[in-house]
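Below is one structure, written out as structure tokens; comments come after it.
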Number of protein chains: 2
Amino acid sequence: MIGTISWTMADTPTLRDRTVEVLRDAILTQHFKPGEKLAERVLADETGVSRTSIREALSQLQAEGLVQRVPGKGMFVTRVTAEEAQQIYEVRAIIEAATARLFVARASDADIDALEVAVNAAEAVNEPTSALLHAQRLDAVSDIVMSGAGNDVARQMVAVLRARVTYLRTITARSASRERRGETMAMLHRIVDAYRRRDADLAEQLTRAYIERSAKFAQDVLHEA
Amino acid sequence: MIGTISWTMADTPTLRDRTVEVLRDAILTQHFKPGEKLAERVLADETGVSRTSIREALSQLQAEGLVQRVPGKGMFVTRVTAEEAQQIYEVRAIIEAATARLFVARASDADIDALEVAVNAAEAVNEPTSALLHAQRLDAVSDIVMSGAGNDVARQMVAVLRARVTYLRTITARSASRERRGETMAMLHRIVDAYRRRDADLAEQLTRAYIERSAKFAQDVLHEA
DNA sequence: GCCGGTATACCGTCATACAAGACAAAACGC
DNA sequence: GCGTTTTGTCTTGTATGACGGTATACCGGC
């Protein structure tokens, strides 16, 4: 059961946007599992909005890559293949590594401070039970880098890419050892350190390694399942 | 007047997709100018499809960044700002340069042959009057590199980015001197050459220079207007 | 047990309706 | 004559109902 959508749920004026939020959340929390069919009428009944709004919301989620439309059959929660995940992580590594360089060049000291705060916030959520929250905190870290690098287009694209593999990220996070979680945070701290020293080469290299490491864990999950 | 949409227009089964194609084309050919309002009712009448399909098509174009929705006011053809264009070209440079390296590593000789054919095809369209066609031929070149690099996610993202600046590209192409057009094609030939010699560093560097050069022309157009 | 036909469910699309807000023009006051 | 207010129209956002077509499931026959 997903929540009924009320008129005063969020600060957005359109019902469409609130519906998108509810459905996106339901997908990211795996209330709807990958491959699961999303029947319009069912969703309309469960959320209390009309089929029209559901369709519009699903269109947007399709644009974000979270659901896929199969002509004549309907909407399905996107099932990420190993190959696709590999490509997504590859693009992320490319963009985020390059953005790390830009961040070094363009970010203010305040940006770096904010980054450190965000990293610590992510570190504070370190129990396997709150994997999604942890992933979202890591997203916030990445968002700060992108913003500090002064490229909003890149920020948005990477955000979409991350959302598409959030499913994998929560799985890997849940099954991760305490040791691995420690390593992850250590890498992030080292990246922040590189930023503090304004070492572009190091920041770029560490960022790439960080993402390639995530990719490897994701591949492990995909190939064992 | 944009064309009426018939049932047997394309090979896609859904009317929605055909509508998207018609509208996208109308935007890229500047039948609809940047900033222009796209009233649903008018579009429905002109194309002969219902408002429902028009809305769905517009949603997709919004996802591609070609139109923007202003809540309560409607859809408008996106007006690209100088800053936005700068960011788009920056991301393109990042992705395409990195992809050039991947292409060197992964492409077959046949891929390189196909690339050369595509470059020649672009060169064949060298009159300022067919700026859009020229841009599309250049897109085809880029697409081949992305495919050969084996990353479809990157290919799609770059395709969307290119579409968002197509307007600028056609403007610069129309006002370009014969000399500049020659230089452009010369750069492309040198890039193909680098691929033939499997020189990853050179291919990456040339690709970045090629896109940064495009960015500069786009900025000139935006700042003089 | 496999095949073909039927029934059902759902999508894709359309037409219509209506409230809320935006825009423009007209009416009004000064 | 000009600024302000009011009115009216237009468009969006959302809802509802409908219908053909297609996919899927069920069912009976061979």
Side-chain angles (χ1 to χ4, degrees), chain A residues 2-24 26-27 32-33 35-63 66-79, chain B residues 2-24 26-27 32-33 35-63 66-79:
Chain A
I2 60 183
T4 303
I5 297 172
S6 70
W7 293 285
T8 58
M9 250 189 85
D11 45 2
T12 153
T14 66
L15 181 56
R16 169 210 181 99
D17 290 342
R18 291 188 301 252
T19 310
V20 168
E21 281 178 34
V22 169
L23 294 184
R24 186 195 293 123
I27 292 174
F32 298 126
K33 305 227 167 9
E36 184 172 345
K37 175 166 187 179
L38 300 180
E40 299 173 356
R41 244 154 199 140
V42 176
L43 293 180
D45 290 343
E46 281 190 1
T47 58
V49 303
S50 73
R51 220 183 110 195
T52 306
S53 300
I54 292 291
R55 283 181 65 83
E56 301 236 333
L58 287 178
S59 280
Q60 173 153 349
L61 292 180
Q62 179 190 18
L66 292 183
V67 302
Q68 284 176 322
R69 157 172 265 130
V70 181
K73 294 190 63 178
M75 288 288 207
F76 299 82
V77 179
T78 300
R79 196 194 302 266
Chain B
I2 59 184
T4 303
I5 297 172
S6 70
W7 292 284
T8 57
M9 250 190 85
D11 45 2
T12 154
T14 67
L15 181 56
R16 169 210 180 98
D17 290 343
R18 291 187 302 250
T19 309
V20 168
E21 281 178 35
V22 169
L23 294 184
R24 186 196 292 122
I27 291 174
F32 298 127
K33 305 228 170 359
E36 184 172 345
K37 175 164 187 181
L38 300 180
E40 299 172 357
R41 192 61 188 265
V42 177
L43 294 181
D45 290 344
E46 281 190 0
T47 58
V49 302
S50 74
R51 226 184 99 193
T52 305
S53 299
I54 292 291
R55 282 180 68 83
E56 301 231 333
L58 287 178
S59 281
Q60 173 152 349
L61 292 179
Q62 179 190 18
L66 292 183
V67 302
Q68 283 176 320
R69 157 173 264 127
V70 181
K73 294 188 65 177
M75 287 288 206
F76 298 82
V77 179
T78 301
R79 197 193 303 265

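Just so we're on the same page: letters track the sequence lines, and every chain starts at 1.
In this structure, B/Thr47 OG1 and B/Arg18 CZ are separated by 11.5 Å, a value rounded to the nearest 0.5 Å. Taking CD of A/Gln60 as the start and OG1 of A/Thr19 as the end, the distance is 10.5 Å to the nearest 0.5 Å. With values rounded to the nearest 0.5 angstrom, A/Thr52 atom OG1 is found 12.0 Å from A/Arg16 atom CZ. Taking CZ from B/Arg51 and CZ from B/Arg41, the interatomic distance works out to 7.5 Å, rounded to the nearest 0.5 Å.
What separates CG of B/Leu58 from P of D/dG13 is a distance of 10 Å, to the nearest Å. Distance, A/Asp45 CG to C/dC10 C1': 13 Å, rounded to whole Å. Between the C1' atom of C/dG12 and the CD atom of A/Glu56 lies a distance of 14 Å, rounded to the nearest Å. Whole-Å rounding puts the B/Leu38 CG to D/dC10 P distance at 20 Å.
Residue B/Arg55 is in base contact, counting any heavy-atom pair closer than 4.0 Å across all strands shown. Counting non-hydrogen atoms under 4.0 angstrom, A/Glu40 reaches the backbone sugars and phosphates but no base.
Under 4.0 angstrom from either OP1 or OP2 of D/dG13 there lies at least one side-chain N or O belonging to B/Arg69.
The minimum heavy-atom distance linking A/Ser50 with A/Ala44 is given by the pair C-CB, 4.1 Å. Between A/Ala57 and A/Leu23, the shortest heavy-atom distance links the atoms CB-CD1, 4.1 Å.
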Show me the donor-acceptor pairs, under 3.5 Å and distance only, between side chains in residues 70-79 of chain A and residues at least two apart or in other chains.
unit_1, atom_1, unit_2, atom_2, d
A/Thr78, OG1, A/Gly65, O, 2.9
A/Thr78, OG1, A/Leu66, O, 3.1
A/Thr78, OG1, A/Val67, N, 3.3

Practice prompt. Take A/Leu38 and A/Leu61 through the side-chain contact (heavy atoms from CB on, under 4.5 Å) test and state the conclusion after the steps.
Written response: CA-CA 12 Å; A/Leu38 300 180; A/Leu61 292 180; over 6 Å; no
Can you check nucleotides 21-26 of chain D for protein contacts, nitrogen or oxygen pairs under 3.5 Å, and list what you find?
unit_1, atom_1, unit_2, atom_2, d
D/dT24, OP1, A/Lys73, NZ, 2.6

Can you name the atoms? Protein N/O to nucleotides 15-20 of chain D N/O, anything below 3.5 Å, with the distance.
unit_1, atom_1, unit_2, atom_2, d
D/dA15, OP2, A/Ser50, N, 3.2
D/dA15, OP2, A/Ser50, OG, 2.5
D/dA15, OP2, A/Ser53, OG, 2.6
D/dA15, O5', A/Ser50, OG, 3.4
D/dA15, N7, A/Thr52, OG1, 3.3

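One end of the helix from C/dG1-D/dC30 to C/dC30-D/dG1 points its axis 0° away from the other end's axis, with each axis taken from 5 pairs and the angle rounded to 10°.
Listed by chain and number, the residues in a side chain to side chain donor-acceptor pair (under 3.5 Å) with B/Arg55 are A/Glu56, B/Glu40 (sequence neighbours excluded).
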